[in-house]
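Since the structure comes first, as structure tokens, the remarks are kept for the end.
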Amino acid sequence: EVQDERDLWEAGMLFVMAELMLQRDLPKEALKDINKALKLSPDDPDYYYTKAEVLRELEKPKEALRSLHRCIELEDEEHDEEDTPRNPSSLMLKADVYHDLGKYKLAIDYSLKAIQMFKKQKIIKDPRQETLADAVYSIGHHYLHLKKYKESLKWLEKAEKQKPHDDIALICFDKAD
């Protein structure tokens, strides 16, 4: 029991280190730390989410998708067992990875699922600090890459009206495009 507690504590510290390494633009070091954390605590969805972020930074989108699939699977199990809120950010990151792969329609689908999750839970920000406005913006951005400008503009204008929106400049740049 003491060893289990020690492993969980160490995994938590490695997770924090991985996030710090990612913030400092050291994704290779972050990947080492998050992999060590996952060996000690293989059932934490936040660890898989962070691993997906790291892999995306390392331009390994297919591997990032595998981590996201596991993250979402674990989040669904937690939600079913404990009635914990869901994290729309997992779906948003999945949309971003599909965007990186050039699969814009799938990216739109996952962004729409994230929006539905925000609305169903009546929240505008999830525990990972992703917002409804971010999800709305991303749909406009995906449509821009599909060269569906009218649809893109519609979603970007919706994003402008959302609160909170931290990246109004991104919306303006996409609208200009």
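Index from 1, following the sequence. Since this is a predicted model, take the numbers as computed values, not measurements.
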Practice problem: Compute whether any side-chain donor of one residue and acceptor of the other, for K105 and H142, lie under 3.5 angstrom apart. | Solution: no

Quiz item: If we ignore angles and hydrogens, is there a donor and acceptor under 3.5 Å between the side chains of D134 and T131?
Solution: yes

Quick check: do [X] and [Y] have side-chain heavy atoms less than 4.5 Å from each other?
X    : Y    : answer
E5   : W9   : no
S41  : D7   : no
L8   : L40  : no
M17  : M21  : yes
D43  : R70  : yes
I108 : L146 : yes

Could you see if [X] belongs to whatever hydrophobic cluster contains [Y]? Use Ile, Leu, Val, Met, Phe, Trp, Tyr and a side-chain cutoff under 4.5 Å.
X    : Y    : value
F15  : V54  : yes
V136 : Y110 : no
I124 : L93  : no
L38  : Y49  : no

Does the [X] side chain pair with the main chain of [Y], one donor and one acceptor, at a distance under 3.5 Å?
X    : Y    : answer
E57  : L22  : no
D126 : S89  : yes
N87  : S90  : no
S111 : A107 : yes
Y47  : G12  : yes

I need the [X] [atom1] to [Y] [atom2] distance, nearest 0.5 Å.
X    : Y    : atom1 : atom2 : answer
D44  : L74  : CG    : CG    : 8.0 Å
K39  : I34  : NZ    : CD1   : 12.5 Å
L14  : E19  : CG    : CD    : 12.0 Å
E130 : S138 : CD    : OG    : 9.0 Å
L65  : L101 : CG    : CG    : 6.0 Å
E53  : D96  : CD    : CG    : 10.0 Å

Check [X] against [Y] and note the closest heavy-atom contact, atom names and distance.
X   : Y    : value
M92 : F118 : SD-CE1, 3.7 Å
V97 : P61  : CG1-O, 3.3 Å
P45 : E75  : CB-CG, 3.6 Å

Practice problem: Report the C-alpha distance between Y104 and Y98 in whole Å, list the side-chain angles of each, state the deciding distance to 0.1 Å, and finish with yes or no for ring-ring contact (aromatic ring centres under 6.0 Å, His included). | Solution: CA-CA 7 Å; Y104 306 118; Y98 278 124; over 10 Å; no

I'd like a table of donor-acceptor pairs (distance under 3.5 Å, sequence neighbours excluded) in which one partner is a side-chain atom from residues 151-159, with atom names and distances.
| unit_1 | atom_1 | unit_2 | atom_2 | d |
| --- | --- | --- | --- | --- |
| E151 | OE2 | K154 | NZ | 3.0 |
| E151 | OE2 | W155 | NE1 | 3.4 |
| S152 | OG | G140 | O | 2.7 |

Quiz prompt | Cation-pi geometry met for K51 and Y48 (6.0 Å, 45°) | solution = no

Exercise. Under the side chain to side chain contact (heavy atoms under 4.5 Å, CB included) rule, what do L55 and R66 come out as? Steps first, then yes or no, please.
Key: CA-CA 10 Å; L55 290 167; R66 282 194 291 275; over 6 Å; no

Practice problem: Could you check K119, K120, Q121 and say which one makes a side chain to side chain contact (heavy atoms under 4.5 Å, CB included) with M117? | Solution: Q121

Quiz item: Between K32 and E29, is the closest basic N to carboxylate O distance under 4.0 Å?
Solution: no

